[in-house]
Amino acid sequence: MNAIQIIVFGPLLAAIVAGLGNRMLGSVAAKTITTAGLFLSCVLSWPIFLGFLGGSAEASVTPVLHWVQSGSLTFDWALRVDALTAVMLVVITSVSALVHLYSWGYMDEDPDQPRFFAYLSLFTFAMLMLVTADNLVQMFFGWEGVGLASYLLIGFWFRKPSACAAAIKAFVVNRVGDLGFMLGIFGTYLVFQTTSIPEILAAAPGMAGSTIGFLGYRLDTMTVLCILLFIGAMGKSAQLGLHTWLPDAMEGPTPVSALIHAATMVTAGVFMVCRLSPMFETSPTALALVTFIGAATCFFAATVGTCQWDIKRVIAYSTCSQLGYMFFAAGVGAYGAAMFHLFTHAFFKALLFLGAGSVIHAMHHEQDMRFYGDLRKRIPLTFWAMMAGTLAITGVGILDVFGFAGFYSKDAILEAAYARGTELSQFAFVLGCIAALMTSFYSWRLMFLTFWGKPRWAGSEHIQHAMHDAHVHDDHDHGHGHGHEVDGTAGYHPHESPLSMLVPLAILSLGAVFAGFVFHDGFINSEQFWNGAIAYNEHLIHAMHAVPLWVKLSATVVMLTGFGIAYAAYIRDTTIPSRFVATFPQLHGFAFNKWYFDELYNFLFVRPAFWLGRQFWQRGDVGFIDRFGPNGAAWVVAQGSSYAKKVQSGYLYSYALVMLLGLVAAVSWALAAG
Amino acid sequence: MIMDGFPILSLMLAVPLLAAVGCLFAEAKTARALALGATLVNFALGVLLWASYDIGGAQWQFVEKLPLFAGFSWALGIDGIALMLIMLSVFLMPICIGASWTSIEKRVGEYMAAFLLMETLMIGVFAAQDLYLFYIFFEAGLIPMYLIIGIWGGADRIYASYKFFLYTLLGSVLMLVAMLWMVNAAGTTDIPTLMGYDFPPHAQTWLWLAFFASFAVKMPMWPVHTWLPDAHVQAPTAGSVILAGVLLKMGGYGFIRFSLPMFPEASAQFAGLVFALSMLAVVLTSLIALVQHDMKKLIAYSSVAHMAIVTIGLFAFNVQGLEGSMIVMLSHGLVSGALFLCVGVIYDRLHTREIDRYGGLSINMPNYALFFMLFTMASVGLPGTSGFVGEFLSLAGIYQVSSGVTAVCATGIILGAAYMLYLYRRVAFGEQKNADAAAMPDISLREWLMLGPIAVAVLWMGVYPESFMAPMRKDIAALDARVARARPEGDAKLAMGKPAAGGHEHAVHEAHGGEAH
C-alpha cells in the first residue's frame with residue numbers, strides 16, 4: 001500500500017461508506033469521513049508534486065488489478081504517477097478537499113447531505129483514476145466515471161425539472177464526445193496493437209506518413225486518431241460545438257460547479273491532449289484543429305459571458321472561454337503553458353465559484369446579478385476573495401515584478417501563440433487578446449454589479465421569500481415588483497458566510513494571488529520538471545522569451561481596456577448598457593441567446609430523434625412489420641380456416657376420400673423417390 | 001477434474017424436472033418452497049460445476065454419452081462458453097422464483113412447474129452435444145414460456161403468446177430441415193464433430209440461412225423483433241427476466257455454436273447482411289425506445305439494440321468480437337433481467353407499467369433508486385460495470401473489420417444514454433406528482449435478496465471480468481482459429497506511407513499482415 005493507492009482509493013472508500021451508510025450514519029459522520037478522506041489525499045499529494053518540482057521524483061506505475069485480456073487487447077488497472085499526474089493530483093485533491101469543507105457550510109440546511117458528500121468523493125475518485133491512467137481504457141473509465149458523478153451532482157436537486165434536464169443533457173452531450181474517444185481508442189489499438197499510453201507515445205512518431213482507412217476514406221493515421229480522441233476532449237471540456245451542457249450544468253449546487261465544472265473535470269480534455277502530446281505532435285492537422293477550436297471557443301464563450309445576468313452562468317462561460325485558452329496553447333505546442341493555465345485556473349476559478357456561492361448564500365439563493373448591488377460592505381470577506389479571483393483571472397500584474405496567477409499563465413499562452421508564428425497561431429493570438437479584453441470586461445462587470453452601486457435586492461423573489469418568512473404578518477407590499485428591477489434593500493440583511501466557507505475562500509485566494517508567481521518557472525521554463533511527461537518544445541520556449549515587448553504588454557493593455565469599459569458602463573454611467581442594447585439589439589440578442597446553439601441543436605437533433613422514434617415505432621414496427629408479418633399471417637390463417645371449415649363436413653365418405661387421396665400421394669412419392 | 005464420471009449435467013437437468021413434477025401436485029405454499037429449494041440446489045450444483053471446470057483443460061468436459069436409437073444419443077458436455085451460459089441460467093432462476101413469490105397467486109403449482117421445466121430445458125440447450133437433443137431442448141423451451149405468457153400474463157396475453165410462438169416456430173422448422181440434411185451429409189449427430197466438419201460452401205449458404213432464420217428470431221434481430229416487446233409487456237416479471245436473461249441468449253449461442261464454426265464461409269458471406277440488420281437495429285430500436293410510455297416496452301426495445309451489438313461482435317471474426325459478444329450476452333442477461341425486476345418491484349405496488357404514473361421515487365424509495373441507477377448505468381455501458389466490458393470489446397472487434405459499422409453501432413452509446421436516463425428521470429426524479437406512487441414503500445428484504453446478488457455480479461464483471469473470460473478463452477481461441485480462413489479484410493487497416501524510419505514500425509507493419517497498399 002503506497003501513497004498513491006491511499007490517495008486514489010481513500011475517496012472511493014469514503015464515498016461507499018457515506019453513500020451506503022447514508023441515513024444510518026447521519027450527516028455529520030458522512031461529512032466527516034468524506035472530508036477527512038479528501039484532506040488525507042491532499043496531504044499525501046503535495047509531497048509528490050513538490051518532489052517532481054524539485055526534480056527528485058521518478059515516474060512510477062503501481063499495478064492494481066488485471067482488467068481485461070482479450071487476445072492482444074489487454075489493459076489493467078494501474079496507477080501512473082509522473083509530473084503531469086502530480087500536477088493534476090494536487091489540483092484535484094486540494095480543490096476537492098476545500099470544496100468538501102466549504103460544503104459543510106453551504107449545504108448545511110440540505111436534508112440529503114450524506115448523498116451529496118458521497119457523490120463528491122465518488123467524483124474525486126473517478127477524476128483521480130482518470131489522471132493516473134496508464135492506458136487509454138482506464139482513462140476512459142475515469143472519463144465516464146466523472147461524467148456519472150457530474151450527472152448525479154447536476155441532478156442533485158432532482159425535484160427541479162431544470163436540474164434533471166441539465167443532468168441528462170450533460171451526460172448525453174458528453175457521450176457524443178465519448179463516441180469519438182471510443183473510436184479513437186479502437187483506432188489506436190488497431191494501429192499500435194496496444195492501449196498502453198507510454199507504448200503508444202513511443203511508437204507514434206514512427207507512424208508519420210502512414211494512412212488508415214476510416215469510413216471508406218484513406219486518411220493520415222495520426223490525424224484520424226488524434227482528431228477522434230480530441231472529439232472526446234471537446235465533449236468533456238465543453239469546447240465549441242459540444243459546450244452546450246456546461247452552462248446548464250450550473251443547475252447543480254455551487255460547490256459542484258466549483259469542483260467539477262471549473263477546476264477539475266472540465267479540464268480533463270486539456271489533460272488528455274497534454275498526456276498524449278507526443279501523439280498530437282505527429283499530426284499538424286490535428287494540432288491546427290485543436291488551436292482553431294480552442295481559439296474559437298475562447299472567443300465565443302467570452303462574447304456570451306459579457307451579457308449574462310446569472311452570476312454562475314457568467315463564471316461558467318468564463319470557464320468555457322479559459323478552457324479555450326488552454327486548448328489553443330496546446331494546439332500551438334505550448335503544453336507546459338496549457339498545464340500551467342489549468343493549474344492556476346483551478347485555483348482562481350474555484351475561488352470565483354465558491355465566492356459566487358458565498359454571495360448566493362448571503363442573498364438567499366438569488367443568482368441574478370440585477371438584484372445584487374452594494375454588497376462590498378455587507379460581506380467584505382467574500383468581496384475580497386472575489387477580488388483576488390478577479391485580479392487573477394483578468395491577469396493583473398507588472399512585468400518582471402509581480403502578478404496574480406492569471407497574469408503569468410494567460411500571458412504565457414498569448415506569447416506562445418504569437419511566437420509560434422503560423423497564420424493560425426496568429427489568429428489564435430488575436431482572438432485570445434480580444435477574449436482577454438472581454439474577460440476583463442465581464443469579470444469587472446460581475447464585480448461592479450454585485451459589490452458596487454445601490455442595493456437592488458427588493459426586486460428579487462428569493463429575497464422577498466426570505467423577508468416573507470421572517471415577517472409572516474407583515475405582508476403588505478408583497479406580490480409587487482416580481483421580476484422587476486426595484487431599488488432598495490427591502491429590509492434584508494445579507495449575512496457573511498460561516499467559517500467553513502470562508503477558510504476555503506482564504507486558501508484559494510492565496511492560490512489565486514501566488515500560484516502564478518511561485519510556480520511560473522517550474523511549469524513554463526523547466527524541461528527537468530516535466531521530464532518527458534509532455535512534449536517539450538525548446539524552440540518555442542526560446543521564441544516565447546524573444547517576443548516583442550508590445551506582445552508581452554498587449555495582454556495588460558486589453559485587460560485595462562476591459563476594466564475601463566466595465567467601469568464606464570457599470571459605475572460611471574449605468575445607462576450605457578441599456579443604450580448599447582437598444583442600439584444593437586441583434587448583436588446583443590445573438591450573444592445573450594448563446595449564439596442560438598441550444599435552439600439549433602433542439603431543431604436538428606432532439607426533436608427529429610423523438611419524431612423518428614415515433615415514426616419507426618408506429619409506421620415501421622406496428623404499421624409495417626406487424627401488419628404484414630404476424631398479423632398478416634394470422635389473417636391468412638383465419639381466412640384459410642374458414643375455407644377448411646367447409647371441408648369439415650362431418651360426412652364419413654368425404655373424410656375417407658381425403659385419406660385415400662393422401663395415401664395415393666404418399667405411395668406414389670415414395671415410389672418415385674425410392 | 002474432481003468429478004470424473006459423475007453425471008452432474010444430467011443431475012442438473014433432473015433436479016428441476018423432478019421438482020416440476022412435484023410442484024404440479026403441491027399446493028401453493030409448498031410449490032413455492034419446493035421451487036426455490038430446487039433452483040437453489042441447482043445453483044449450488046452450478047457453482048460446483050464452475051469450481052471443478054478445468055480452465056485450459058479438455059475442450060469438452062463433464063461429457064456424458066448414452067446412445068439411444070438410430071444414432072440419436074443422450075450426449076451432454078460443456079465447454080467454457082456453455083458453462084458461463086449455464087451459470088447465468090442457474091443464477092437467475094432462484095431470483096425468478098423470488099420475483100414470483102407474492103405476485104403469482106393463481107395456479108401457483110403449475111406456474112412453478114413451468115419455470116422449473118424451463119430451467120431443465122435451458123440447461124439442456126447449453127449442455128446438449130447431440131444435434132437432435134439440442135433441437136428438442138431448443139424448441140421445447142418455447143412451450144413453458146408460451147404457457148407462462150399465455151396463462152399468467154397481462155391483459156393482452158393471448159395475442160402476445162401467439163405472436164411469440166408463431167415467430168419462433170417459423171424459424172425452427174427451417175432449422176430442423178437443415179439439421180436433417182446435415183446429419184445425412186456428415187453421418188453424425190455429434191455437435192463437436194460437426195463443428196469441425198467442412199460442409200461444401202454452396203450447401204453452407206442454405207444451411208446458414210436456415211439456422212439464421214431460427215437464431216435471428218431468437219436474438220431477436222431487426223426486423224423479426226416485434227414479438228419481443230409484446231411478449232415482455234404481457235409476461236409476468238419473472239417471465240420477462242428469463243426471456244431477456246436467458247432465452248434471448250440462445251440465439252447468440254446458436255450463432256457461436258453452429259453458424260460460425262460449422263459454416264464459416266457462409267458466415268463470412270452473410271456478414272454484410274448481419275451488419276446491416278444490426279446497424280438498423282441499434283439506430284431504429286434505440287430511437288423507438290426513446291418514445292415509449294411503457295417501461296417494459298422500453299427495456300424490451302433496448303434489448304434489441306444490445307443484442308445487435310452481440311451479432312456484430314460475433315461476425316467480426318476475431319477474438320475481441322467473440323469475447324465481447326459473450327460478455328455482452330452475460331451482462332445483458334444480468335442487467336436486463338435486473339431492470340425487469342426493477343419494473344416488477346414497482347409494478348407489484350402500483351399495477352401499472354405506465355412511466356407517467358410514477359415519478360420522484362428517489363424520495364420514498366431511495367434504496368430502490370440506487371439499484372435502479374446502478375442497472376441503468378450498466379445498461380448504458382458505464383465503465384466499471386459489466387455492460388462496458390462487453391460493448392467495448394465487441395466494438396473494438398468490429399472496428400478491425402469496418403470503422404463505418406463501428407461508428408453507426410457506437411451511436412447506441414449516445415442513444416442508449418438518452419433513453420435510459422430519460423426513463424430514470426421520469427421514474428425516479430422529479431416531484432412526487434402521484435400520491436399513490438409517493439406512498440409506495442421501499443424495497444423489502446425479499447427484493448433486496450433478488451437485486452443485491454445481481455448488482456454484485458454486474459460490478460464484478462465490470463471490474464474483474466477475467467473470472468468470466470478465463471473459462472471461455474480457449475474455446476473462443478479455437479473458434480477464432482476455425483473461422484480464421486474466412487476472416488474478412490478490414491477497411492480500417494493501416495498502410496505505411498513513407499519508407500519506415502526504423503525497425504519498430506516495421507514490426508507493427510508486419511503484425512497486421514495483409515493490409516491493402
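In what follows, chains carry the letters A, B, and so on, assigned in the order in which the sequence lines appear, proteins first and then strands, with residues in each chain numbered from 1.
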Item to complete: Evaluate the ring planes of B/Tyr422 and A/Phe610, with Trp represented by its six-membered ring, and classify them as parallel (under 30°), tilted (30 to 60°) or perpendicular (over 60°).
Response: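 Judged by the thresholds at 30° and 60°, the geometry between B/Tyr422 and A/Phe610 is perpendicular.
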Discussion item. Is the ring pair B/Tyr399/A/Phe186 parallel, tilted or perpendicular, if the boundaries are 30 and 60 degrees?
Written reply: tilted
Chain B heavy atoms under 4.5 Å from [X]: which part of the residue, side chain, backbone, both or neither?
| X | result |
| --- | --- |
| A/Trp77 | side chain |
| A/Phe605 | neither |
| A/Leu219 | neither |
| A/Leu179 | both |
| A/Ala165 | both |
| A/Val622 | neither |

[X] versus chain A, the contacting section by heavy-atom distance below 4.5 Å:
| X | value |
| --- | --- |
| B/Trp222 | side chain |
| B/Pro366 | side chain |
| B/Val463 | both |
| B/Leu395 | both |
| B/Val380 | both |
| B/Ile476 | neither |
| B/Leu393 | side chain |
| B/Ala477 | neither |

[X] to [Y] - nearest heavy-atom pair and separation:
| X | Y | result |
| --- | --- | --- |
| A/Ala609 | B/Leu290 | CB-CD2, 4.0 Å |
| A/His66 | B/Tyr464 | O-CD1, 3.2 Å |
| B/Ile414 | A/Arg175 | CG1-O, 3.8 Å |
| A/Ile625 | B/Pro223 | CG2-O, 3.3 Å |
| B/Gly430 | A/Cys164 | N-SG, 4.1 Å |
| B/Ala396 | A/Leu73 | CB-CD2, 3.9 Å |

From [atom1] ([X]) to [atom2] ([Y]), nearest 0.5 Å:
| X | Y | atom1 | atom2 | result |
| --- | --- | --- | --- | --- |
| A/Leu148 | B/Met377 | CG | CE | 5.0 Å |
| B/Ser286 | A/Leu612 | OG | CG | 12.5 Å |
| B/Leu361 | A/Phe158 | CG | CZ | 9.5 Å |
| B/Thr406 | A/Phe214 | OG1 | CZ | 8.5 Å |

Discussion item. Tell me if the centroids of the rings in B/Phe388 and A/Phe141 come within less than 6.0 Å of each other.
Written reply: no
For a 4.5 angstrom cut-off between non-hydrogen side-chain atoms, does [X] reach [Y]?
| X | Y | answer |
| --- | --- | --- |
| A/Leu152 | B/Met373 | yes |
| B/Tyr301 | A/Asp621 | yes |
| A/Trp617 | B/Leu284 | no |
| A/Tyr151 | B/Leu421 | yes |
| B/Glu466 | A/Trp67 | no |

Is the side chain of [X] donor-acceptor paired with the backbone N or O of [Y] at a distance under 3.5 Å, no angle test?
| X | Y | result |
| --- | --- | --- |
| B/Ser403 | A/Leu215 | yes |
| A/Arg159 | B/Glu431 | no |
| B/Gln320 | A/Ser70 | yes |
| A/Arg614 | B/Gln292 | no |

Which of [options] touches chain A most, by non-hydrogen pairs under 4.5 Å:
| options | result |
| --- | --- |
| B/Gln432, B/Arg425, B/His225, B/Met469 | B/Arg425 |
| B/Gly359, B/Ser362, B/Pro383 | B/Pro383 |
| B/Val224, B/Ile363, B/Asn367, B/Leu370 | B/Ile363 |
| B/Pro465, B/Ala428, B/Gly384, B/Pro229 | B/Pro465 |

Worksheet entry | CA sep, side-chain torsions, deciding dist, call: A/Ile185, B/Phe392, side chain to side chain contact (heavy atoms under 4.5 Å, CB included) | CA-CA 10 Å; A/Ile185 297 176; B/Phe392 184 82; 3.6 Å; yes
Discussion item. Let's test your reading of the structure: which of A/Leu20, A/Leu65, A/Thr221 forms the most heavy-atom pairs below 4.5 Å with chain B?
Written reply: A/Leu65
